[in-house]
Amino acid sequence: MIFDSLITLIPISMIMVGCCSNVISLELIIKQSQSHALLVTFFQFATVAFISFFVNIRWKRIFSIFWIPIGLRERKIPLKTYFLMVSIFFILSVLNNKALDCDIPIPFHMIFRSSSLLSTIVIGSVFYRKSYSKQQILSLIMVTLGIIFATFSSMPDSKKEISFGNEPNLLRFSIGMLMLIAAMFLSSILGLIQEHTYKLYGKDRHYETIFYSHLFSLPFFLFFKDDILHHIQLNNESALMALPFGIGSYPTLWVYLIVNVLTQYVCIQGVFILTGKTSTLTCTLVISIRKFLSIIISVVYFNNHFTSLLFTGTVLVFLGTFMYSTSGKVIEKPLPSPNTKQVNEIEKEKEKEKEKKIN
């Protein structure tokens, strides 16, 4: 019993420490250079791909004490499925991070990314013929209202008034909003694709999915190589930070970036481990608490503006998400099956076609 609790506590600690530290390091980077989002995304993908590479290697022991790599683990999920998932995953990751370049506050960014329930229900009902209970519909309404409140609260005062002269700022904010909305729907589509993939090939393929989804995304960054090289130069020119224990002094932005990518890996691993060890409800609750703590840290430590309207939106989003996770299973409507008369007519048509071919 104690051992099982300890096993559950480890991924929870990874999520709380890793994800919260990741948000803090990201905010420290954005405070110094708001346009660093793409460089952060690139290093996150490269680091996760590099670390998970060693998890996906098959090792052989020689001489009782040495181990040598003999190849990659067997891949069960087809490459075409990975290509689809990677394309969506890369685009939504870039959109989420690039939105920070458009004057989107960090607390609002976190709240909006927690609102994928809205797009999941819309896509599930339209394309997957899923039926939702009254509690699930109520949770959808709460999340939608939460998004509206948070959006209105996060707009600078000049944008809430009907005035002219702030069009460039308004356009910039609107572009950031469109990026977040597109990323939200892509995230839901990706989740449904992954759910279907895990049903076919097993839930134990998470280590494989993490590796290939990040590895196959790296070539896409070639389209942004000039932007990445420019921000690498900015990192090199940032002020020096003296590290403890006599490690030395290094550019501040590089220190923050290294912390960010390492904590990102810890956070991702914690979520995958917790998903395999506990119920979906427990995982959703832990992640929601973590996100709420991240928002509190962002508001208190970084003095981000947090109005009563934004607080109301935050509560509605998290409470709606929690209600949805406790509402039971989603019912998938079966496709209508042909009746006996239709079947007979189809058979007659087939017989006529055969007769024509014979004649």
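Here the structure is a predicted model, which is why all the values come from computation and not from measurement.
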Between the main-chain N or O of Leu253 and the side-chain N or O of Ser238, is there a donor-acceptor pair closer than 3.5 Å?
yes
Residue pair Ile15 / Arg290: nearest heavy atoms and the distance that separates them:
O-CG, 3.5 Å
With rounding to the nearest 0.5 Å, note down the distance linking CG in Leu39 to NE2 in His230.
10.5 Å
dist Ser217:OG -> Gln44:CD (nearest 0.5 Å) comes out at 12.0 Å
State yes or no: do Val255 and Ile232 share one hydrophobic cluster built from I, L, V, M, F, W and Y residues joined by side-chain heavy-atom distances below 4.5 Å, directly or via other members?
yes
Students often mix this up, so state it plainly: with edges at 30° and 60°, are the rings of Tyr212 and Phe216 parallel, tilted or perpendicular?
tilted
Separation of Ser188 OG from Ile88 CD1 (nearest 0.5 Å):
11.0 Å
Rounded at 0.5 Å granularity, tell me how far CD1 in Ile228 sits from CG in Leu38.
5.0 Å
Do the non-hydrogen side-chain atoms of Met179 and Ile175 ever get within less than 4.5 Å of each other?
yes
For Leu240, which residues count as a side-chain contact (heavy atoms from CB on, under 4.5 Å) partner, sequence neighbours excluded?
Ser249, Pro251
Working to the nearest 0.5 angstrom, can you tell me the gap between Asp227 CG and His36 NE2?
9.5 Å
With a 4.5 Å cut-off on side-chain heavy atoms, are Phe53 and Leu215 touching?
no
Indicate if Leu229 and Leu222 have the same hydrophobic cluster label, given that clusters are the connected sets of ILVMFWY residues with side-chain heavy-atom separations under 4.5 angstrom.
no
Do Leu180 and Leu178 share a hydrophobic cluster, counting only Ile, Leu, Val, Met, Phe, Trp and Tyr and linking them when any side-chain heavy atoms are less than 4.5 Å apart?
no
Minimal non-hydrogen separation, Gly270 against Pro11, with atom names:
O-CB, 3.6 Å
Distance-only polar pair, side chains of His231 and Asn235, donor-acceptor under 3.5 Å
no
So if you build clusters from Ile, Leu, Val, Met, Phe, Trp, Tyr with side-chain heavy-atom gaps below 4.5 Å, do Val17 and Val23 land together?
no
A side-chain contact here means heavy atoms from C-beta on lying under 4.5 Å apart; do Leu92 and Asn96 qualify?
yes
Side-chain donor/acceptor of Ser187 to backbone N/O of Ala183, under 3.5 Å
no
Is Ile57 reachable from Val48 through a run of I, L, V, M, F, W or Y residues, each pair having side-chain heavy atoms under 4.5 Å apart?
yes
Parallel, tilted or perpendicular: which fits the ring planes of Phe89 and His214, with parallel below 30° and perpendicular above 60°?
perpendicular
Check: Tyr82 and Ile77 side chains under 4.5 Å, non-hydrogen atoms
yes
Closest non-hydrogen atom pair between Arg58 and Leu72, with its separation
NE-O, 3.0 Å
Partner set under side-chain hydrogen bond (donor to acceptor under 3.5 Å, both in side chains) for Gln233, not counting sequence neighbours:
Glu237
Applying ring-ring contact (aromatic ring centres under 6.0 Å, His included), can you list everything that pairs with Phe220, at least two apart in sequence or on another chain?
Phe90
side-chain contact (heavy atoms from CB on, under 4.5 Å) evaluation trace for Leu28 with Gln32:
CA-CA 7 Å; Leu28 287 169; Gln32 291 202 26; over 6 Å; no
What class does the angle between the rings of Trp254 and Phe43 fall in, given that below 30° is parallel, 30 to 60° is tilted and above 60° is perpendicular?
perpendicular
Decide yes or no on side-chain contact (heavy atoms from CB on, under 4.5 Å) for Asn56 and Arg75, but give the supporting numbers first.
CA-CA 9 Å; Asn56 283 270; Arg75 177 178 47 79; over 6 Å; no
Taken in chain and number order and not counting sequence neighbours, the residues that satisfy side-chain contact (heavy atoms from CB on, under 4.5 Å) with Phe185 are Ser119, Val122, Ile123, Ile181
Among all residues two or more places apart in sequence or in another chain, which pass the side-chain contact (heavy atoms from CB on, under 4.5 Å) test with Ser25?
Val259, Asn260, Thr263
Side-chain heavy-atom pair Pro78, Tyr201 within 4.5 angstrom cut-off:
yes
Sequence neighbours excluded, which residues qualify as side-chain contact (heavy atoms from CB on, under 4.5 Å) partners of Lys60?
Ile68, Ile70
Approximate separation, where rounding is to 0.5 Å, of Glu208 CD and Arg73 CZ
9.5 Å
Under 3.5 Å: donor-acceptor pair, side chain of Ser21, backbone of Gly18:
no
Indicate the atoms forming the closest heavy-atom contact of Gly320 with Ser139, along with that distance.
O-CB, 3.1 Å
Given side-chain contact (heavy atoms from CB on, under 4.5 Å), test Leu262 with Ile258 step by step and report yes or no.
CA-CA 6 Å; Leu262 292 178; Ile258 291 171; 3.9 Å; yes
Smallest separation among heavy atoms of Phe50 and Phe54, with atom names
O-CD1, 3.3 Å
